[in-house]
Chemist: 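Pasting a structure here, questions to come.
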Amino acid sequence: MAVLPILRFEDKIVETVEKNPVVVIIGETGSGKSTQLSQILHRRGYTRSGAIAITQPRRVAAVSLSRRVALEVGVQLGEEVGYAIRFEDRTSAKTCIKYLTDGVLLRESLSNPELNQYSVIILDEVHERSLNSDIILGLMKRLVKIRSSNLRVLITSATLDGVKVSKFFSGCPVMNIPGKLFPVEKLYSSERPKCYIESSLRTALDIHSREPPGDILIFMTGKDDIDKMVSKLEEKIQNLDEGSCMDAQVLSLHGSLPPEMQVRVFSPAHPNCRRIIVATNIAETSLTVDGVVYVIDTGYVKQRQYNPSTGMYSLDVVQISRVQADQRAGRAGRTRPGKCYRLYPSKVYHEEFLDATVPEIQRSSLAGSVLYLKSLNLPDIDILNFDFLDPPSRESLADALRQLYLIDAIDEDGMITHVGRTMAELPLEPSLSRTLIEANELGCLSQALTVVAMLSAEITHLSIHSIKDKKRKQPLKLPSGSYWGDHIHLLRIYENWDCADYDPAWCTEHNLQVRNMKFSRDVRKQLSQIMQKISKGPVDIQSSVRQKKGEQEYRSLRKALCRGFGNQLAERMLHHNGFRTLGYRSQLVQVHPSSMLETNEDGRLPDYVVYHELISTSRPFMRNVCAVDISWVAPILKKLEKMDIHKLSGGLESEKIEQAEHKQLQLHNLEESGSGRGDSMESRIQAARERYLARKANK
Ligand code: CDP
Ligand code: MG
């Protein structure tokens, strides 16, 4: 194999890193940034004083890169080279090259803010602009000042605007690694196809029967479309006349593929066989597949977008950006001149596509990130003025603050609370962490841990889909519970598995993926350990999940869920033709078809449910709902009455000013002395607050 471009710059890279605490390295995808930089610095002695961390926005990439590097270094995965992703740590005391997701690095910095275990931190794939990596960029800016003598930060990217990042890091050097890309001919369609699956299918078959050898890479939007495409391709290829063209092997590549299936794309094709790889945007830059000569670009990507004013997520298929389109085309020119079939007109590329993808920080719910920043407790960090490469909107920051206040993570002055601190230690979204803490108070932590673990392992209700599939086994029959919603249903599944002594065969019989179920058991164990560690008081975790019987309708558990999700309330409106429609902020919203929520014997839905997520696909749907009592929700919503978003956002700053003013008032009052002091104190504090707010508004 030819020498990777980055290796030709080894000396230059080491020299630059030696002299500068922060270096930006820009190099074409496949130039060896992710696999070689860590090894270069390891060879040059950087691991003597600490480990090298390489962050990845995607879990799949962290796993696959560490495997590859372990192989190249010639060690067992988990020894000198390892990886850490949420709920899975394959590292040991020996590990000196560690691939980890950006989320895991953030978590590590909570217990060790100076990240002293690392001598080098490589922020990889920064052009993806994931929410966590944007936050890490801000933290690194602080950290390199504190650890200027013994920390090196490398920021690598395939497409990033190097100048912008260099400016952010007060003019740090930018190294460009020239790639060896071959020319790629771009072929545009004359118009947008009606169905892009059909159109990519036709294009792929055309290439296969007419073009010389070389693998085909097709970019689709998600797993479902990929599965459809793979089965259509396989069928069509089987029906081709024998001997009319070479053999073909169809492979899929996406984030939720099991590891053993992922590695298949990295092994070379058989002789005289063309590989057709159907992938998500994961193959744009995160994972490099060798041997590709033809790219089919549908021009779309699936993007999650959060709307802070409605609290709704949408999972939209949107047009890619020009940067993405160029990356996709580039995949065809790695080994020799290639072709890129763009299933859209060139006018669309030039006039409709955005220059670059909108960073995740500007399209996500920020509750988790804001809680994280608050919990760092760094006196010089002010959330609203935090140094972001691209700041999020004030609206979405306000939305995050409001959510955190409602679940008691911050107090009315925007200060992090004891509960908030505990929440930040759990590797979960804030609402789920809040649920666990409440469940511990209410004596149902064991059940809540199960539910959270099942949600984290993304156990899907395969039983529902199997009803449509007659060949499959019988749907999972569970004793009652579905009237109480999905969480209780998930709990019942796990409890039944527990009764079957965690038999893998039980999962198969009930159409549940053994791998995911085992994973949920593992997650449950890990979460129990964290709860035990962080909880000061007694913790109700039983080694077995089996509960004392007779707990009426899982009341405590539902109450705990309500504490975490009380803000996300919907009420029963109507129920007909099997549609489960509920009212939400005076809209009609449906319970997602995958939900296990059922009517009771009288054919009624619960009066109130809280939902985990509101997601808009073809229409707004609630995912994962749980029946609740309105009396549980009322006190939570009552908190809104005293809420003042300015104070929440002011955080430390407002607190400090108010404390100062408060002190002054006290002194003043002492001097004054006399009756009616309480009243006057109240009104003076109020006046001080108003002055403060007025000042703030004038800023
Ligand atoms: O990060 P960058 O895109 O610059 O390149 P890389 O991921 O370090 O890939 C360098 C080479 O290693 C490519 O030829 C990849 O195909 C190969 N590689 C691999 O074979 N298996 C992996 N899991 C990762 C990379
Ligand atoms: Mg890379």
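Both ligands and their constituent atoms are indexed starting at 1 by order of listing. Please read these numbers as outputs of a predicted model, since none were measured by experiment. This chain uses plain numbering: 1 for the first residue, then up along the sequence.
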Chemist: Please confirm whether Arg67 comes under 4.0 Å of ligand 1, counting heavy atoms of the residue only.
Modeler: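 The answer is no, since Arg67 has no heavy atom less than 4.0 Å from ligand 1.
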Chemist: Can you tell me if Ser64 has a non-hydrogen atom under 4.0 Å from ligand 1?
Modeler: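 For ligand 1, residue contact (heavy atoms, under 4.0 Å) with Ser64 is present.
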Chemist: Just to verify, what does Tyr372 make a side chain to side chain donor-acceptor pair (under 3.5 Å) with, not counting sequence neighbours?
Modeler: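 For Tyr372 the side chain to side chain donor-acceptor pair (under 3.5 Å) partners, ignoring immediate neighbours, are Ser109.
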Chemist: Please check if any side-chain donor atom of Tyr196 sits under 3.5 Å from a side-chain acceptor atom of Asp225, or the reverse.
Modeler: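 Yes, Asp225 and Tyr196 have a side-chain donor paired with an acceptor closer than 3.5 Å.
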Chemist: Would the Tyr344 and Phe353 ring centres measure less than 6.0 Å apart?
Modeler: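 Distance test on ring centres: under 6.0 Å, yes.
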Chemist: Which atoms of ligand 1 are found less than 4.0 Å from any heavy atom of Arg334?
Modeler: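 Listed by number with element: 13 (C), 14 (O).
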Chemist: Do the side chain of Arg521 and the main chain of Met517 share a donor and acceptor less than 3.5 angstrom apart?
Modeler: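 Pair absent, no side-chain N/O of Arg521 close to backbone of Met517.
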Chemist: Do any nitrogen or oxygen atoms of Ser34 come within less than 3.5 Å of a nitrogen or oxygen of ligand 1?
Modeler: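 The answer is yes, given that Ser34 and ligand 1 share an N or O pair closer than 3.5 Å.
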Chemist: If hydrogens are left out, which of Thr35, Leu4, Ile25 has an atom nearest to atom 9 (O) of ligand 1, that is, the closest non-hydrogen atom?
Modeler: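 Answer by nearest heavy atom: Thr35.
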Chemist: Show the atoms of ligand 1 that are less than 4.0 angstrom away from any heavy atom in Glu28.
Modeler: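 So the answer, numbered in order with elements, is 4 (O).
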Chemist: Determine how many protein N/O/S atoms sit closer than 2.8 Å to the Mg ion (ligand 2), leaving waters out since they are not shown.
Modeler: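 Counting protein N, O and S atoms closer than 2.8 Å to the Mg ion (ligand 2) gives 1.
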Chemist: Please tabulate, one pair per line, all N/O donor-acceptor pairs under 3.5 Å involving side-chain atoms of residues 45-55, not counting sequence neighbours.
Modeler:
from  : atom 1 : to    : atom 2 : distance (Å)
Tyr46 : OH     : Glu18 : OE1    : 2.7
Thr47 : OG1    : His42 : ND1    : 2.7

Chemist: Which ligand 1 atoms does Asp290 reach within 4.0 Å, using its non-hydrogen atoms?
Modeler: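 Those qualifying, in numeric order: 14 (O), 15 (C), 16 (O).
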Chemist: Regarding ligand 1, does Thr288 bring an N or O atom to under 3.5 Å of one of the ligand's N or O atoms?
Modeler: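 Min N/O separation from ligand 1 is below 3.5 Å for Thr288.
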Chemist: For ligand 1, which atoms sit closer than 4.0 Å to a heavy atom of Thr29?
Modeler: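 Under 4.0 Å from Thr29, ligand 1 has these atoms: 3 (O).
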Chemist: Is the shortest N/O to N/O distance between Gly30 and ligand 1 below 3.5 Å?
Modeler: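 Indeed, backbone or side chain, Gly30 has an N or O that close.
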Chemist: Could you pull out, from Gln56, Glu72, Gln262, Arg68, the option with a heavy atom nearest to atom 22 (C) of ligand 1?
Modeler: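 Answer by nearest heavy atom: Arg68.
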Chemist: If you apply the rule side chain to side chain donor-acceptor pair (under 3.5 Å), what do you find for Asn132 with Ser130, and how did you get there?
Modeler: CA-CA 5 Å; Asn132 288 335; Ser130 75; 5.8 Å; no
Chemist: Is it true that a side-chain atom of Asp297 and a backbone atom of Gly299 form a donor plus acceptor pair closer than 3.5 Å?
Modeler: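 Yes.
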Chemist: Salt bridge (charged side-chain N to carboxylate O under 4.0 Å, His left out): which pairs involve residues 31-45, sequence neighbours left out?
Modeler: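 Passing the test, one end in residues 31-45: Glu10-Arg43, Glu10-Arg44, Asp11-Arg44.
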Chemist: Using a 3.5 Å cut-off on N or O atoms only, is Thr285 in polar contact with ligand 1?
Modeler: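 Such a contact does not occur with ligand 1.
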